[in-house]
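These numbers come from the heavy atoms of this one structure, side chains and all, not from hydrogens, waters or symmetry mates. Treat the numbers as computed from the prediction; the structure is a model and nothing was measured. Here, residue 1 is the first one in the sequence, and each next residue gets the next number.
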Amino acid sequence: MERMTEILLWLLLAPAVKKGSPLEALPPHLEQLTWFGERADFSPDNQKIAFLAKSFGDAFEIDLATRRIRCLTCSIPGAAFLRVQYLVNGDYLIVGPEKFKDLRTSRTRESELWILRQDGSLPLVRLNQRLSEGATVSKKALRLAWSNTEAQYPDEIPKGQSRLYVADLDYSAGAPQLANKRMSLESQDPSCRMEAQDFYDNDTKLTYTCYRPGDKAEVMGLDLKTGRTTNFSLSPDTYNEAEGVFPGGQHTSVEADRQGNGQGSHHVDIWKLKLDGTGKNFERLTFFTDYEGYKASNPVISTDGNRMAFQLAMSKDEAGVGYGIFLYHFSRK
């Protein structure tokens with residue numbers, strides 16, 4: 001009854017959805033960087049942003065000073081990548097299948113980790129590691145984290161379970177390879193499918209998302225030394241997906257539907273959550289869902305904390321699909 005009362009009050013008090021586009025009234029602190037692309041990532045020096053042209057597409061890079069865009073993978077026939085991220089040594093981590101088969105197989109079962117050298121030399125270096133969704137890349141060391149489910153390794157992981165792994169990247173033999181791989185957390189609960197998100201506190205801790213049934217999600221934290229987990233969002237009735245952590249590790253960006261009172265992952269805006277364990281300190285950063293059919297998603301934070309990159313998205317599309325990269329300038333707010 002209490003939950004039903006909350007929903008009725010929200011329906012009565014919620015502002016009317018606006019027609020048109022959020023691009024028609026961008027505030028001064030938001031800047032449209034590209035008119036295509038998705039899943040941005042800042043370079044270690046914050047001078048460039050890597051992104052994908054589209055899901056199962058090529059990786060691109062934009063120089064933030066000159067605004068020159070170059071393709072990183074256009075020389076690879078049939079490129080079908082899902083993510084591109086910078087390593088601290090300047091190389092790129094690429095996520096995607098060896099070749100595209102179909103949406104479900106290529107994204108859920110056969111997506112894996114690759115390295116693209118910063119000089120663009122080919123072939124890509126295969127790390128022989130499949131993963132569920134995205135990878136976490138350390139901003140301080142050659143270190144990665146990711147999750148696996150039975151979809152990638154049905155002979156190793158029981159149905160309904162998920163595991164978080166951490167490993168180092170070893171270049172000592174010339175070609176990079178994974179080293180010191182260890183399982184950091186296992187969820188035997190089918191109602192909590194895990195996805196690694198971001199390292200913080202000098203890589204001693206890791207944020208991750210616990211995906212719940214009914215299109216709900218919680219922002220979680222894992223202490224890699226003690227194994228202790230913390231529910232940071234404490235919002236079981238809404239969707240809260242962990243995204244990029246702010247420098248200092250006191251806050252994280254979140255894809256959340258809090259402004260829509262639990263409408264799910266297709267109706268998210270970007271929020272800032274304080275990682276104090278109370279689940280109360282949320283600050284809304286974007287207002288794209290105020291416009292019918294739109295959302296904002298996939299935020300990453302520059303290492304100096306001055307800017308956030310994110311994407312314009314549509315509520316009709318699957319997670320990750322974007323239509324342009326934007327910069328959020330915190331100094332102009």
Using the ring centroid of each side chain, check whether F81 and F56 are separated by less than 6.0 Å. no
Can you name the nearest heavy-atom pair linking G277 to L234, along with the distance? O-CD1, 3.2 Å
Are V84 and I62 co-members of a hydrophobic cluster defined by side-chain heavy atoms under 4.5 Å apart? no
Verify whether one side chain among D237 and S235 offers a donor that lies under 3.5 Å from an acceptor in the other. no
Backbone N or O of R307 within a donor-acceptor pair of the S302 side chain at under 3.5 Å? yes
Taking atom types as modelled and ignoring hydrogens, do the side chains of Y211 and E195 form a donor-acceptor contact shorter than 3.5 angstrom? yes
Do M194 and V137 belong together in a cluster built from hydrophobic side chains that touch within less than 4.5 Å? no
So which atom in D304 and which in N46 form the shortest heavy-atom distance, rounded to 0.1 Å? N-ND2, 3.6 Å
Tell me if a side-chain donor or acceptor on N89 pairs with a main-chain N or O of D91 at a distance below 3.5 Å. yes
Are K274 and E283 within salt-bridge range, i.e. N to O under 4.0 Å? no
Closest non-hydrogen atom pair between L82 and S106, with its separation: CD1-O, 4.3 Å
So how far is it from S132 OG to R109 CZ, rounded to the nearest 0.5 Å? 12.5 Å
Report the C-alpha distance between Y86 and Q118 in whole Å, list the side-chain angles of each, state the deciding distance to 0.1 Å, and finish with yes or no for side chain to side chain donor-acceptor pair (under 3.5 Å). CA-CA 9 Å; Y86 291 95; Q118 58 185 298; over 6 Å; no
Are R182 and D168 ion-paired here, with the side-chain N under 4.0 Å from a carboxylate O? yes
Mark yes or no for whether T289, through its side chain, and D269, through its backbone, hold a donor-acceptor pair below 3.5 Å. no
Under a 3.5 Å distance rule, please check whether Q152 uses its side chain to pair with a backbone N or O of T149 as donor and acceptor. yes
salt_bridge(R126, E98) N-O dist < 4.0 Å: yes
Cation-pi geometry met for K19 and Y291 (6.0 Å, 45°): no
Determine whether the aromatic ring centres of residues F288 and F310 are separated by less than 6.0 angstrom. yes
Compute whether any side-chain donor of one residue and acceptor of the other, for Y294 and E292, lie under 3.5 angstrom apart. no
List the atom pairs, with distances to 0.1 Å, where a side-chain N or O of residues 317-333 and a protein N or O form a donor-acceptor pair under 3.5 Å, not counting sequence neighbours.
{"unit_1": "D317", "atom_1": "OD2", "unit_2": "Y323", "atom_2": "OH", "d": "2.5"}
{"unit_1": "H329", "atom_1": "NE2", "unit_2": "E31", "atom_2": "OE1", "d": "2.8"}

Would you mind checking if K48 and D41 are paired as a salt bridge, meaning a charged N to carboxylate O distance below 4.0 Å? no
Sub-3.5 Å donor-acceptor pair from the side chain of D63 to the main-chain atoms of R68, do we have one? no
T209 side chain to A242 backbone, donor-acceptor under 3.5 Å: yes
Do NZ/NE/NH1/NH2 and the carboxylate oxygens of E255 and K295 come within less than 4.0 Å? no
N/O donor-acceptor pair under 3.5 Å between S111 side chain and L131 backbone: no
Is a side-chain donor-acceptor pair under 3.5 Å present for Q177 with Y171? no
With distance as the sole test, does E218 use its side chain to make a donor-acceptor pair with the main-chain N or O of N231 at under 3.5 Å? no
Determine, step by step, whether E156 and N148 satisfy the side chain to side chain donor-acceptor pair (under 3.5 Å) criterion, reporting the C-alpha distance in whole Å, the side-chain angles of both residues, the deciding distance to 0.1 Å, and the verdict. CA-CA 10 Å; E156 299 177 16; N148 283 129; over 6 Å; no
Start with the C-alpha distance between L144 and T136, add both sets of side-chain angles, then the distance that settles side chain to side chain contact (heavy atoms under 4.5 Å, CB included), and finish with yes or no. CA-CA 5 Å; L144 308 176; T136 299; over 6 Å; no
Backbone N or O of V245 within a donor-acceptor pair of the D198 side chain at under 3.5 Å? yes
Quick check against the 3.5 Å criterion: does W146 have a side-chain atom that pairs as donor or acceptor with the backbone of Y165? no
Co-membership, hydrophobic cluster, residues V166 and L185, 4.5 Å side-chain: yes
Kindly assign one of parallel, tilted or perpendicular to the pair F60 and F51, based on the angle between their ring planes and the thresholds 30° and 60°. parallel
Could you tell me whether E112 and R130 have a side-chain N and a carboxylate O separated by less than 4.0 Å? no
With D203 as reference, evaluate R143, K140, K139 under the salt bridge (charged side-chain N to carboxylate O under 4.0 Å, His left out) test and give the passing residue. R143
Quick check: closest heavy atoms across C192 and R212, and the distance to 0.1 Å? CB-NH1, 3.5 Å
Hey, is R70 close enough to E61 for a salt bridge, meaning N to O under 4.0 Å? yes
Same cluster for L178 and L87 if Ile/Leu/Val/Met/Phe/Trp/Tyr side chains link at under 4.5 Å? yes
